[in-house]
Amino acid sequence: MRGTIVVLRFSAVGDVILAAPALAALRAAWPQARIVYGIKERLVHLVKHNPNVDEVLELRQGEGPCSFARRIRALAPTAVLDLHNKIRSKLLRLLLPGVPSVIWHKRDFRDTLPVKLALRPYRASMLFADRYHAAVEELVGRPLPHGKLEYFLGPGDRAAADAALRANGLDPDRPLLGLSPGANWETKRWPVERFAGIARRALAQGLQVAVQGNEEEADLGRRIAEQARGAVDLSGKLDLRALGGFISRCVAFVANDSGPMHMARALGVPTLALFGSTDPAMFDFRGHSALFAGVPCAPCSFFGRSRCPRGHFRCMLDLDEDRAWSALTPLLGSGRLPLLSA
Ligand code: SF4
């Protein structure tokens, strides 16, 4: 196949990273095809250095579907692989009549319906990355070997991270533990005091500790640095480029269910993930570690919530610091892990 395949996945960080194995499978199946990736401008760096992407079509800030559809049409696409499947990509497909499309479905309605009817908590029946892969198989029309979950750093990413580490008194060549206490939703956040406890234990073992987060999460990093003397708060100091470089410098990474958690696994960095109101069965943690308290009400949501609807927040509060430290300790000495095959 020598045509042009336009892949759409505009956001978010984790979802884009999870699409990497599907892109690898597509490239292996159709090595002659031109793969064009449609993504929000601010996230372009996530796919820019992926060798399985030939061209990036950035969705500009404020750009409407008609304009973007015109730019897709100018590429004379053979097919659209819609790994986004939300209002924006649905509109685009409508604006591209005659272009065959294959659509990814994030969740199976048999998984979601009982949750919407409040009959039971959500349980993912399939890994998200496998759902992406299934869409590629549907496009190609045959079963395909799975690609690897791999994040491709750009040539300057490590240097950008190292500069930020040095500017904040850290040595990029000494063992470093990365903490990522943020997440888009409150019920996906393990208590900041417990992150600080992990930081204190790691510092006592001679590790350097740095906290990562965006500007809106700066308060979390500040509080951890206050409660764990020696931990360095890098919140708001790492752009997307430096984020990959930073995570790749870590001997291990501790995170909530968030984009940086996926980036860490895709870099082979041993990762301890803390899950509260969302389901760890959506993702592959072989070799890594995911903690989930398993309280009867969990997982109570697909994405997370702004507050616990039951008021007790046991899904996160039942995950204590000792348990997290026990899960993290073997990861600290494991070195880089093999990349996961989705
Ligand atoms: S404790 Fe239960 S109800 Fe509350 S946020 Fe967690 S999973 Fe949802």
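FYI, the numbering just counts along the sequence from 1. All ligand and atom numbering here is 1-based and tracks the order in the structure. Computed from heavy atoms alone, side chains included, the values below leave out hydrogens, waters and symmetry copies.
For the 3.5 Å distance criterion, the side chains of T4 and R34 qualify, holding a donor opposite an acceptor. Between the side chains of N85 and R93, a donor-acceptor pair is found at a separation under 3.5 Å. Under 3.5 Å, the side chains of Q212 and S180 contain a donor-acceptor pair of N or O atoms.
In terms of protein heavy-atom proximity, atom 4 (Fe) of ligand 1 is closest to C308 SG, 2.3 Å. Counting protein heavy atoms only, atom 6 (Fe) of ligand 1 is closest to C315 SG, 2.3 Å. In terms of protein heavy-atom proximity, atom 8 (Fe) of ligand 1 is closest to C300 SG, 2.3 Å. Looking at atom 2 (Fe) of ligand 1, its nearest protein heavy atom turns out to be C297 SG, 2.3 Å.
Aromatic ring orientation, W104 versus Y132: parallel (interplanar angle below 30°, classes split at 30° and 60°). Between H133 and H146, the angle of the ring planes stays under 30°, which puts this pair in the parallel group of the 30/60° scheme.
Which parts of ligand 1 touch T187 is read off a 4.0 Å heavy-atom cut-off, strictly below it: atoms 5 (S). Residue A298 approaches ligand 1 through these ligand atoms, each under 4.0 Å from one of its heavy atoms: 7 (S). Within ligand 1, the atoms closer than 4.0 Å to a non-hydrogen atom of R314 are 1 (S), numbered from 1 in the order shown.
The side-chain tip of R88 points at the ring of F10 from less than 6.0 angstrom away and within 45° of straight on.
Under 2.8 Å from atom 2 (Fe) of ligand 1 lies no N/O/S atom of H312, from backbone or side chain alike.
For P309, the closest heavy-atom approach to ligand 1 falls below 4.0 Å. Heavy atoms of R310 approach ligand 1 to within less than 4.0 angstrom.
Residue N184 places its CG atom among 12 or fewer non-hydrogen atoms of other residues, nucleotides or ligands, all under 6.0 Å distant.
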